[in-house]
Amino acid sequence: MLYTLLTNNMNKPNYVVYPAVFDNVNNDGYYTVTFPDVPDTVTDGKTLEEAIKNAPDALAVALPDYKEYPMATSLNKVQANNPGLIVSYVGVDMKAARRKSRDATVRKNVTIPMSLAEKAQTQDINFSATLTEALEEKLGI
């Protein structure tokens, strides 16, 4: 199987490779990147280099929605279906993408006045959400 290079199971390999079509025809100089085997997955780039750089991220976002990853079509077949366009393999390390996409949470022990804690509890205030909102506001993010 072309798209399965490293895997924990056959349905969700850790590293995948798919042919991508890089099209700058009538795109005001931009390159649109599509993946025939992963419909509705599109990215672009102002230059070919930028489009190539963005392509793995597009796959990394789209593929987790699949129960099983689609089979990759041969590069020659995709090229034959897209004459005059650039067709190249794009690979992505899905394991690394999953790690990168997680915004890990950490447990923090905080101390607040009991009266404040009791009042917040009676109003069903989520302490973690409130602390997160306050920190984001304080940090300007």
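Position 1 is the first residue of the sequence, and the numbers go up from there.
Side-chain atoms of Gln79 come within 3.5 Å of backbone atoms of Leu85 as a donor-acceptor pair (strictly under, hydrogens ignored). Side-chain N or O atoms of Asp93 include one that pairs as donor or acceptor with a backbone N or O of Ala96 at under 3.5 Å. In this structure, the side chain of Tyr69 does not engage the main chain of Pro64 through any donor-acceptor pair within 3.5 Å. A donor-acceptor pair is defined here as one N or O able to donate and one able to accept, closer than 3.5 Å; such a pair exists between the side chain of Asp23 and the backbone of Val25. For the pair Glu137 (side chain) and Glu133 (backbone), a donor-acceptor distance under 3.5 Å is absent.
Shortest non-hydrogen contact noted between Ala58 and Phe35 is CB-CE1, 4.2 Å. Summarising the geometry of Ala72 relative to Tyr18, their closest heavy-atom pair is CB-CD2, 3.9 Å, with the distance given to 0.1 Å. The nearest pair of heavy atoms linking Phe127 to Ala117 is CZ-O, 3.7 Å.
Note: Glu50 CD to Thr43 OG1 = 8.5 Å, rounded to the nearest 0.5 Å. To the nearest 0.5 angstrom, Glu118 atom CD is 10.0 Å from Ile112 atom CD1. The CG atom of Asp28 sits 11.5 Å away from the CG atom of Asp44 when rounded to the nearest 0.5 Å.
One side chain, Asp37 or Thr73, offers a donor N or O that lies under 3.5 Å from an acceptor on the other. Asn24 and Tyr31 are linked by a side-chain donor-acceptor pair at a separation below 3.5 angstrom, with hydrogens and angles left out of the test.
At a threshold of 4.5 Å between non-hydrogen side-chain atoms, the residues Asn54 and Val33 do not count as touching. A 4.5 Å side-chain heavy-atom check between Leu59 and Val38 finds at least one atom pair inside the cut-off. Residues Pro36 and Asn81 have side chains not in contact (no heavy-atom distance under 4.5 Å, counting atoms from C-beta outward). Looking at Val90 and Pro56, their side chains come closer than 4.5 Å, going by heavy atoms from C-beta outward. Counting only heavy atoms from C-beta outward, the side chains of Val17 and Tyr15 approach each other to under 4.5 Å. Residues Pro70 and Leu63 are in side-chain contact: their nearest non-hydrogen atoms beyond the backbone lie under 4.5 Å apart. The side-chain heavy atoms of Thr34 and Thr41, taken from C-beta on, include no pair separated by under 4.5 Å. With a 4.5 Å cut-off on side-chain heavy atoms, Tyr89 and Leu75 count as touching.
Both Ile86 and Ile52 are assigned to one and the same hydrophobic cluster, defined by single-linkage of ILVMFWY side chains at heavy-atom distances under 4.5 Å. A continuous path of Ile, Leu, Val, Met, Phe, Trp and Tyr side chains, each step under 4.5 Å between heavy atoms, connects Tyr66 with Val16, placing both in one hydrophobic cluster.
For Asp40, the CG atom is loosely surrounded, since the number of other residues' heavy atoms within 6.0 Å does not exceed 12.
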